[in-house]
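Below is one structure, written out as structure tokens, with a few remarks after it.
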Amino acid sequence: MVHEILSEYNINQEHLAFEPINNGLINDTWLIKNSHENYILQKINKNVFKNPHAIAHNVRMISDFLLQHYPEYLFIAPVKTKDDKEINYIENKGYFRLLPYVNNSHTINTVQNTKQAFEGAKKFGEFTKLLSAFPVEKLQITLPDFHNLTLRYHQFEDALKSSSNERLQQSQELIHFIKANKNIVIIYENILHNPTFKVRVTHHDTKISNVLFNADDKGLCVIDLDTVMPGYFISDVGDMMRTYLSPVNEEEKDFSKIEIRKEYFSAIWKGYMSEMKDELSDEEKTHFIYSGKFMIYMQIIRFLTDHLNNDIYYGAKYTNHNLIRANNQAVLLQLLMEKEKELQQLM
Ligand code: GN1
Ligand code: MG
């Protein structure tokens, strides 16, 4: 299949080698090598991204803007097909895109030191800052209501009504925890009506594997622009907290390993603020820690809703996979709330 896809591009297929890279739950990704160069090939999950052309539109607009205003910024534009398309549709196979591999760069799957956390936060901050003069309303919505917490909460309530009794029974404690923390939804709804919160170009998937690093662990640029849409800074900062603060991620079944590492919080704050301090309003800054609660809470709801809906979105590699992920994230949220006062001292 890879040969068929690559034949749509002007690239040499001699000595072709490819291997899958497992770094996300949604799209399939491969590393491709020929005798001269490396590429990243991705299959876009059409069940999730119903309009792949919206992704291509956004990437093109952002690429043009950055090239015009910040030509020195490293932006990885997709390789175009022979007929000049960024997205390659192959009948019965789906939508694909090919990206050049940046030489001497690498990605990491977990944050191992505070420098990486600082650099990641700085790179996502820089991305939003450089695009502050970009007409954000011209971006297309690639995933409607992606971080709409009100809607996520409603989907959770709907799932409670349609779920099997067995799955409902297993989830009782977590359902109670979600309901008890509904104030996180209320604060989100206040933000929507708060004029000091600005809609900006937001990445919406700020996990560390979406940052390219050089050999000295310096951040080079951000990648995976499928979910770049208009949004609030709490989405980006919140997902950094969700994925950088703990030494273990959502897949960890031994919850005693989950931790909030204060020095990593400090690194996120400093890294993001090194770029965004003049962009964010004071009101936005006071919601910095709230960002983490917002994103972790939403992830609990999304994993649990999927469990109640028989794993139709994320899938499950073992029995109760999404229930365990949801419980893992609930532990993370609980610990974050307990540390909130201490973290405030670091800002
Ligand atoms: C999905 O596929 P990946 O890992 O980039 C999801 C994110 C979740 C994440 C949880 C489009 O991201 O929103 O936070 O899983 N992306 C989509 O691991 O749903
Ligand atoms: Mg992604």
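When a ligand or atom number is given, it counts from 1 through the structure's own listing order.
Under a 3.5 Å cut-off, the side chain of D306 and the backbone N or O of Y313 do form a donor-acceptor pair.
Atoms of ligand 1 lying under 4.0 Å from any heavy atom of D205, numbered from 1 in the order shown and given with element: 5 (O). Which parts of ligand 1 touch Y314 is read off a 4.0 Å heavy-atom cut-off, strictly below it: atoms 8 (C), 15 (O). Of all atoms in ligand 1, listed by their number and element, those nearer than 4.0 Å to a heavy atom of Y313 are 11 (C), 17 (C), 19 (O). Proximity to L143 (heavy-atom distance under 4.0 Å) selects the following atoms of ligand 1: 11 (C).
Between V48 and ligand 1, a contact under 3.5 Å exists for no N or O pair. Considering backbone and side-chain atoms together, E250 places an N or O closer than 3.5 Å to an N or O of ligand 1. Taking distance alone, with nitrogen or oxygen atoms compared against 3.5 Å, Q299 approaches ligand 1 more closely than that limit. In terms of polar-atom proximity, defined here as any N/O pair under 3.5 Å, T227 makes no such contact with ligand 1. Taking any N or O of L25, backbone or side chain, at least one lies under 3.5 Å from an N or O belonging to ligand 1.
Side-chain atoms of D311 and N322 include a donor-acceptor pair closer than 3.5 Å. With hydrogens and angles left out, the side-chain atoms of E250 and N328 include no donor and acceptor closer than 3.5 Å. Y314 and R302 are linked by a side-chain donor-acceptor pair at a separation below 3.5 angstrom, with hydrogens and angles left out of the test.
With distances taken over non-hydrogen atoms, the option nearest atom 5 (O) of ligand 1 out of H147, K207, H204 is K207.
Looking at D226 against ligand 1, nothing comes within 4.0 Å, counting heavy atoms. Contacts with ligand 1 closer than 4.0 Å are made by no heavy atom of N27, backbone or side chain. Under 4.0 angstrom from ligand 1, there are no non-hydrogen atoms of M298.
By the 4.5 Å heavy-atom criterion applied to side chains, F255 and L335 are not counted as neighbours.
The CD1 atom of I187 lies 5.5 Å from the NZ atom of K293; values are rounded to the nearest 0.5 Å.
Salt bridge status for E119 with K122: absent, with no side-chain N to carboxylate O gap under 4.0 Å. Ion pairing of R200 with D236 is absent here, as no side-chain N (NZ or NE/NH1/NH2) approaches a carboxylate O to less than 4.0 Å.
By the 4.0 Å heavy-atom criterion, R325 is excluded from the residues contacting ligand 1.
The environment of K85 atom NZ is sparse: at most 12 non-hydrogen atoms of other residues, nucleotides or ligands sit within 6.0 angstrom.
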